[in-house]
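Structure first, commentary second.
Note that these values count all heavy atoms, side chains included, but never hydrogens, waters or copies made by symmetry.
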Amino acid sequence: MDSEEFFTAFLLPVCVAFILPVAIVLIVNLTKKAKYEKKFSFLEKCVENGVEINSDLLLDEGKKSLSSKATLKTMLLNRLAGGVCFTLLGLSFLIGNIFSQETDLPKFAIAITAVGVGLLVWYFVGKKMLAEDIKDEEQALQQLHNKER
């Protein structure tokens, strides 16, 4: 076994399966830590200079957390968009299979269509189950928006 075969057979899968995810987690954590340290040094300077500090900066809550996080309605609409895209993609593969002689394509197309239909079902069931929560969330966002004015 030469070095190129060793790389493609062993090192590449190990890098992709283990080293890459660890590197991504490390980068995300270091970025969060740097953001926290930057905020802490800013607040420390404010305290040293006697500047009044907004409590929302300390807690990372308030208008930022409500307005920037994904709402239930947004999450449901993402499910709807994903469901439509996957269903149409799967159906297009099934239609394309009629003109093709590929043997693995129908299984793949059926799997993609099933994922799309599952996301669509998830959207409609979630829409009924979370209707009251969505209404409450919209009222909270409206109150927050009115406070900003």
Side-chain angles (χ1 to χ4, degrees), residues 1-43 53-149:
M1 178 182 275
D2 65 357
S3 62
E4 186 175 321
E5 289 176 354
F6 178 74
F7 177 74
T8 57
F10 180 72
L11 289 181
L12 187 62
V14 168
C15 289
V16 170
F18 298 107
I19 296 173
L20 187 61
V22 169
I24 291 171
V25 169
L26 186 65
I27 289 170
V28 168
N29 285 337
L30 289 175
T31 305
K32 284 183 182 180
K33 183 179 177 184
K35 182 179 176 183
Y36 173 78
E37 287 175 355
K38 184 178 178 182
K39 183 184 281 188
F40 180 77
S41 67
F42 171 75
L43 292 172
I53 301 172
N54 187 355
S55 63
D56 288 341
L57 291 175
L58 295 171
L59 299 174
D60 273 344
E61 294 178 4
K63 64 181 178 183
K64 180 181 175 187
S65 66
L66 267 180
S67 61
S68 67
K69 77 173 187 174
T71 62
L72 292 173
K73 189 173 185 177
T74 306
M75 290 173 20
L76 282 175
L77 289 174
N78 287 340
R79 300 274 191 301
L80 176 65
V84 168
C85 289
F86 275 109
T87 303
L88 290 177
L89 184 66
L91 290 175
S92 66
F93 278 139
L94 282 173
I95 292 169
N97 184 47
I98 294 171
F99 303 108
S100 172
Q101 300 300 324
E102 289 288 326
T103 57
D104 291 337
L105 195 58
K107 296 174 190 172
F108 178 69
I110 290 170
I112 288 181
T113 306
V115 168
V117 170
L119 285 171
L120 290 173
V121 168
W122 190 353
Y123 166 76
F124 288 111
V125 170
K127 184 178 175 184
K128 285 186 178 183
M129 288 178 55
L130 299 172
E132 188 147 329
D133 293 334
I134 291 172
K135 185 182 265 186
D136 293 341
E137 194 173 63
E138 285 177 348
Q139 288 174 350
L141 285 171
Q142 185 65 33
Q143 288 174 354
L144 179 67
H145 183 67
N146 290 339
K147 281 184 182 179
E148 288 178 353
R149 289 183 183 181

Side chains of Val84 and Leu80, heavy atoms from C-beta outward: is any pair under 4.5 Å? yes
Would one find more than 12 heavy atoms of other residues, nucleotides or ligands at under 6.0 Å from atom OH of Tyr123? yes
How many angstroms lie between atom CG of Asn97 and atom CG of Leu91, to the nearest 0.5 angstrom? 12.5 Å
I'd like to know if the side chain of Glu137 and the backbone of Thr71 have a donor-acceptor N/O pair within less than 3.5 Å. no
When rounded to the nearest 0.5 angstrom, what distance separates CG in Leu120 from SG in Cys85? 10.0 Å
Separation of Leu77 CG from Leu72 CG (nearest 0.5 Å): 11.0 Å
What are the two closest non-hydrogen atoms of Phe86 and Gly116, and how far apart are they? CB-CA, 3.4 Å
Distance check, rounded to the nearest 0.5 Å: Lys73 atom NZ versus Leu130 atom CG? 13.0 Å
Rounded distance [0.5 Å steps], CZ in Phe108 versus OG1 in Thr113: 9.5 Å
Please answer whether the main-chain N or O of Leu89 pairs with a side-chain N or O of Ser92 as donor and acceptor at a distance below 3.5 Å. yes
What distance do Asn29 atom CG and Ile24 atom CD1 have between them, rounded to the nearest 0.5 Å? 12.0 Å
